[in-house]
Number of protein chains: 2
Amino acid sequence: MLARWGEKQLTSAEIADSLVSNPVLVRRILGSLRVAGLVRSTEGRNGGWTLARPAKRITLYDAYAAVEDGPVLSRHPHPPSADCEVGRNIQSLLEVEFQDAERAMAERLGRTTIDDLVREVLAIERRLPARHR
Amino acid sequence: MLARWGEKQLTSAEIADSLVSNPVLVRRILGSLRVAGLVRSTEGRNGGWTLARPAKRITLYDAYAAVEDGPVLSRHPHPPSADCEVGRNIQSLLEVEFQDAERAMAERLGRTTIDDLVREVLAIERRLPARHR
DNA sequence: CCTAAATGTAACCACGATGGTGGCAGTAAG
DNA sequence: CTTACTGCCACCATCGTGGTTACATTTAGG
């Protein structure tokens, strides 16, 4: 949404409205994005949110990494018995595999930018003018 | 563990012991793996679990898919407002991106077999005999 | 035939993560 | 000085999950 409406600042209430959700929840997420340097907020009256850099330079991976903290593939918190040949080695071996797999996913997410999505949205809307309101 | 100990059937209690966990939980997971055709179980006295096919033909993706039901990248259950250009298109666009990203991860997981891991475990153990018990 | 050792499953609890809500302080515009 | 925002905390309800107990079922072995 921020990319689509360009320079205009959007408030968390407007965004929440469109998401059929709640301003606080929206601010929570946008807060994570701000910490990651993807969006900026201004306080006070007429405040709101904008992208911190051009949509062309924000990838899906950037957004994903900003919001998701832990890894996607769940490691077991609880190490197995060190008495077992397999047990005492499997965690570090799987760690490598999982990191590689996650890297592959991240790499793919990094190939699409927010700008790509906005362009696709506009292309679809141009193709189906009947759906306009 | 099943691959490492080859033909020998292991009981859920033995496995749970080594995992410092609980037989029922182990049976739950093994149950999913059985549904996926990766392991076999025999009931009754001297029962237990074995691989259903050679470890060389079981990949990490097989195990992952057997256990994980939903997709890793969370879609939003709750569709945004259709009144918004972005809202009414973003879900299907993201769906494509997410599926691609998940496919990339799955492809990477599919490159490693259980047998690969067992070989690595044995290699490490051979290299560090001091750690043996 | 009976017992012991397994799986198979359901019920249940405790815990943590998460969506959602309200409240309130801080800040900036008019 | 009021209004409209963000920022943040505390709280609740819900849900998924690990974990446990219990019990029915199956099979081997004395």
Side-chain angles (χ1 to χ4, degrees), chain A residues 1-2 5 7-52 63-64 66-81 87 91 94, chain B residues 1-2 5 7-52 63-81 87 91:
Chain A
M1 277 185 78
L2 294 180
W5 308 120
E7 296 309 306
K8 188 170 166 250
Q9 288 198 352
L10 297 180
T11 70
S12 57
E14 290 169 322
I15 299 174
D17 226 40
S18 181
L19 291 177
V20 197
S21 179
N22 166 315
V24 178
L25 191 47
V26 170
R27 287 205 288 266
R28 271 186 209 161
I29 302 293
L30 285 173
S32 304
L33 297 178
R34 183 186 44 208
V35 169
L38 304 183
V39 302
R40 262 195 293 265
S41 66
T42 64
E43 293 188 349
R45 189 164 184 157
N46 297 335
W49 303 79
T50 55
L51 293 185
Y64 159 79
V67 165
E68 207 77 15
D69 32 31
V72 226
L73 261 29
S74 53
R75 281 70 166 164
H76 255 236
H78 188 64
S81 163
Q91 285 196 309
L94 278 184
Chain B
M1 276 185 78
L2 294 180
W5 308 121
E7 297 306 306
K8 188 169 168 248
Q9 288 198 350
L10 297 180
T11 71
S12 57
E14 289 170 321
I15 300 174
D17 226 40
S18 181
L19 291 176
V20 196
S21 178
N22 168 312
V24 176
L25 191 47
V26 170
R27 287 204 289 266
R28 270 187 210 160
I29 302 294
L30 286 173
S32 303
L33 296 177
R34 183 185 46 210
V35 169
L38 304 184
V39 303
R40 261 195 292 266
S41 67
T42 65
E43 293 188 348
R45 187 162 186 160
N46 297 335
W49 303 79
T50 55
L51 293 184
Y64 159 78
V67 164
E68 208 78 15
D69 31 31
V72 228
L73 261 29
S74 52
R75 282 70 168 164
H76 254 237
H78 187 62
S81 163
Q91 284 196 310

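In what follows, every chain begins at residue 1, and chains take the letters A, B, ... in the order their sequences are listed. Treat the numbers as computed from the prediction; the structure is a model and nothing was measured.
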Exercise for review: Measure distances between side-chain N and O atoms of B:Arg28 and base N and O atoms of C:dG8, and say whether any donor-acceptor pair falls under 3.5 Å.
Suggested key: no

Exercise for review: Kindly say if A:Asn46 contacts the phosphate of C:dA28, meaning a side-chain N or O under 4.0 Å from OP1 or OP2.
Suggested key: no

Practice item. Any chance you could measure A:Arg27, atom CZ, to A:Asn22, atom CG, to the nearest 0.5 Å? Key: 8.5 Å

Check your understanding: For the pair made of CH2 in A:Trp49 and C1' in D:dA4, what is the distance, rounded to whole Å?
Key -> 15 Å

Exercise for review: Could you check how far CD1 of B:Ile15 sits from P of C:dA5, rounded to whole Å?
Suggested key: 18 Å

Study note, to complete from the structure: Between A:His76 and B:Glu43, the residue closer to the 5' end of DNA chain D by nearest nucleotide is A:His76

Review point. To the nearest Å, how far apart are A:Leu25 CG and C:dA17 C1'?
Key: 13 Å

Point to revise | Any A:Thr42 side-chain N or O less than 4.0 Å from OP1/OP2 of D:dT6 | key: no

Check your understanding: In terms of the nearest nucleotide of DNA chain D, which residue is placed more toward the 5' end: B:Val24 or B:Glu68?
Key -> B:Glu68

Practice item. Would you mind classifying the nucleic acid contact of B:Arg34 as base, sugar-phosphate or nothing, using non-hydrogen atoms under 4.0 angstrom? Key: sugar-phosphate

Check your understanding: Distance check: side-chain N/O of A:Asn22 vs OP1/OP2 of C:dT21, anything under 4.0 Å?
Key -> yes

Check your understanding: Between B:Gln9 and B:Thr42, is any pair of side-chain heavy atoms under 4.5 Å apart?
Key -> yes

**Study point:** Between C:dG8 (C1') and B:Leu30 (CG): distance, integer Å
**Key:** 12 Å

**Study point:** Euclidean distance, atom CZ of residue B:Arg40 to atom P of C:dG8 [Å, nearest integer]
**Key:** 13 Å

Study note, to complete from the structure: From CG of B:Leu10 across to C1' of C:dA5 the rounded distance in Å is 15 Å

**Study point:** Residue whose closest nucleotide on DNA chain C lies nearer the 5' end, B:Pro23 versus B:His78
**Key:** B:Pro23

Point to revise | Rounded interatomic separation in angstrom, taking CD1 from B:Ile29 and P from C:dG8 | key: 14 Å

Review point. Which heavy-atom pair separates A:Glu14 from A:Lys8 by the least distance, and what is that distance?
Key: OE2-NZ, 4.1 Å

Check your understanding: OP1 or OP2 of C:dA5 less than 4.0 angstrom from a side-chain nitrogen or oxygen of B:Thr11, does that happen here?
Key -> no

Point to revise | Sole residue of A:Val39, A:Leu33, A:Thr50 in side chain to side chain contact (heavy atoms under 4.5 Å, CB included) with A:Leu2 | key: A:Val39

Practice item. Round to the nearest Å and state the distance from A:Asp69 atom CG to C:dG16 atom C1'. Key: 13 Å

Check your understanding: How long is the span from the CG atom in B:Leu30 to the CG atom in B:Leu38, to the nearest 0.5 Å?
Key -> 10.5 Å

Exercise for review: Give a yes/no answer on whether the side chain of A:Arg45 brings an N or O atom under 4.0 Å of OP1 or OP2 in C:dG30.
Suggested key: no

Review point. Hey, does the side chain of B:Arg27 come within less than 4.0 Å of C:dG8's phosphate (OP1/OP2), counting only N and O?
Key: no

**Study point:** Short side-chain N/O contact from A:Ser12 to OP1 or OP2 of D:dT6, under 4.0 Å
**Key:** yes

